[in-house]
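Residue indices begin at 1 and follow the sequence shown. Order of appearance sets the numbers: ligands from 1, and atoms from 1 within every ligand.
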Amino acid sequence: MKVLRGAEVFFEGALQRLDLAFDEEGIHRIGPDLDVDGEVLEAEGLVVLPGMIDAHVHFRDFHEAHKEDWETGGRAAVAGGVTTVLDMPNNDPPAVTPQILREKREKAERSPVDFGLFAGITPENLPTLGELAREPRVVGFKLYMGETTGGLVIARRSLQREAFRRVADTDKVLAVHCQRPGRPEAEDVEIALDLAVTTGAKLHLCHLRTREGVQLAYEAKRDGVDVTLETCPHYLYFTEEDARERGTLLKVNPPLASPEDRDYLWEALAEGVIDLVASDHAPHTLEEKARPYEKAPFGLPGVETTLPLLLDAVSRGRLSLQRLVEVFSQKPAERFGLRDKGRIREGWRADLMVVDLEKRLLLRREALRTKCGWSPYEGFPLRGWPVRTFVQGREVFRKSED
Ligand code: DOR
Ligand code: ZN
Ligand code: ZN
């Protein structure tokens with residue numbers, strides 16, 4: 001048994017000075033001055049949060065292991081306070097068959113981070129979605145409405161409808177990439193919402209980035225549509241103006257939006273209009289990013305920087321700690337059916353993270369774990385960093401003094 005002592009624990013919606021006794025089976029006791037035998041972990045002056053859950057990463061591996069693999073991606077995740085990742089299927093080879101899902105599981109099970117998987121949808125595998133839904137670790141399906149990395153696109157409306165219908169039958173969540181190149185986001189959001197209404201599919205809108213798209217989705221949610229809204233740190237921190245300046249480094253799909261959209265996303269996040277934040281960790285090497293603009297790949301790494309960025313936002317008063325925990329732990333756990341995760345409770349999993357809200361550091365390339373080796377946030381001075389991470393009670397990360 002381990003006993004975290006002296007920390008402020010985020011428990012039942014607020015920071016409370018409590019001890020926490022846990023092991024690999026879960027959280028055993030929470031209370032003031034616990035009288036429990038075990039290894040004492042002093043955490044005076046620190047804060048304990050439930051492990052963060054990143055509902056949108058691309059951990060590559062297989063034929064793209066030079067960009068990231070489950071080992072490096074996992075180490076990056078836990079260094080960023082993330083204890084569970086949900087991985088996207090647009091790999092080489094794509095995760096669209098039971099066989100590839102099994103091979104991916106085998107790699108992921110050796111990673112320090114816990115995981116769930118999205119299965120991809122192609123015109124060919126539509127009849128097999130029921131079977132894919134029963135594969136262990138599958139939390140949902142991903143449908144790409146527009147062309148992007150990996151070529152998993154379902155462009156025809158009739159096929160999209162069939163995909164929504166078949167996913168609805170499985171009761172899993174359908175995560176949708178609503179962005180055809182050159183179209184306004186809201187146009188594709190509207191199509192996805194209509195399909196969700198007519199088929200009853202549980203819809204998750206990935207990486208929303210415009211006011212119009214968010215508002216349309218939120219109105220539908222208020223009208224009772226089963227939909228959740230995701231945004232990503234790059235839409236909160238960068239705009240199309242930055243993209244023009246920094247070229248391929250900020251080339252991402254969907255593309256960055258206007259400063260007004262960025263400001264609106266912060267409000268929508270603080271007010272609960274947006275349900276969750278996910279990194280959309282999409283690592284590519286700097287060599288690949290150095291290609292001429294048209295040939296450079298879409299995507300930015302982010303799994304290890306999302307929490308420090310959100311903690312910094314808390315220190316600046318842009319976001320409450322409560323909202324941070326909701327959008328990056330509680331909500332993703334609830335939406336994707338991750339049992340006993342997303343909150344600190346007796347009997348729940350000991351996926352925990354200790355943070356130092358006062359620690360100030362520059363985000364440095366040398367400190368990154370991702371195999372792609374860079375971050376668009378290098379040089380950002382951030383206040384608030386994870387210092388220890390536990391996945392199922394096992395310590396998987398401890399910050400060295402730097
Ligand atoms: O920028 C992106 N990168 N958008 C996507 O849809 C895919 C992702 C990737 O896998 O690189
Ligand atoms: Zn996407
Ligand atoms: Zn993505």
Determine the minimum heavy-atom distance between [X] and [Y], stating which atoms define it.
X	Y	result
Ala119	Leu101	CB-CD1, 4.2 Å
Leu195	Arg157	CD1-CD, 4.5 Å
His58	Pro283	O-CD, 3.3 Å
Gln160	Ile154	NE2-O, 2.9 Å

In terms of atom number and element, which parts of ligand 1 are under 4.0 angstrom from non-hydrogen atoms of [X]?
X	result
His177	6 (O)
Phe298	1 (O), 2 (C), 3 (N), 9 (C), 11 (O)
Val252	1 (O)

- [ ] Among the N/O/S atoms of Asp280, select the one at the shortest distance from the Zn ion (ligand 3) and name it.
- [x]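 So the atom name we want here is OD1.
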Open item on the list: Distance check below 2.8 Å: does His207 bring an N, O or S atom to the Zn ion (ligand 2)?
Closed with: yes
Looking only at distances, can you tell me whether any N or O atom of [X], backbone or side chain, sits closer than 3.5 Å to an N or O atom of ligand 1?
X	value
Asp280	no
Gly299	yes
Arg60	yes
Asn90	yes
Ala282	no

Open item on the list: Counting neighbours of CD on Glu25 that are heavy atoms of other residues, nucleotides or ligands and sit closer than 6.0 Å, is the number greater than 12?
Closed with: no
Open item on the list: Is it the case that over 12 heavy atoms from other parts of the model lie below 6.0 angstrom from the CD atom of Glu287?
Closed with: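 Not buried by this count: 12 neighbours or fewer within 6.0 Å.
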TODO: Indicate if the distance from the Zn ion (ligand 3) to the nearest N, O or S atom of His58 falls below 2.8 Å.
DONE: yes
- [ ] Tell me whether His56 has at least one N, O or S atom under 2.8 Å from the Zn ion (ligand 3).
- [x]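 It does: His56 brings an N, O or S atom closer than 2.8 Å to the Zn ion (ligand 3).
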Task: Protein residue, atom and distance nearest to atom 5 (C) of ligand 1, heavy-atom basis - done: Thr148 OG1, 3.1 Å
Task: Shortest protein heavy-atom distance from atom 4 (N) of ligand 1, along with the residue and atom involved - done: Asn253 O, 2.7 Å
Open item on the list: I'd like to check Cys206 versus Lys142 (side-chain heavy atoms, cut-off strictly below 4.5 Å). Are they in contact?
Closed with: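 They are in side-chain contact.
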Open item on the list: Please name the atom of His177, limited to N, O or S, that comes nearest to the Zn ion (ligand 2).
Closed with: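 Going by distance to the Zn ion (ligand 2), the closest N, O or S atom in His177 is ND1.
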Task: Test: Lys104 cationic atom under 6.0 Å from Phe62 six-membered ring centre, within 45° of axis - done: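 That pair does not qualify as a cation-pi contact.
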Task: Salt bridge present between Glu358 and Arg383 (N-O < 4.0 angstrom) - done: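 Judged by the 4.0 Å cut-off on N to carboxylate O distance, Glu358 and Arg383 do form a salt bridge.
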Open item on the list: Can you see whether Glu219 engages Gln215 through a side-chain donor-acceptor pair at a distance of less than 3.5 angstrom?
Closed with: no
- [ ] May I ask whether His284 places a heavy atom under 4.0 Å from ligand 1?
- [x] yes
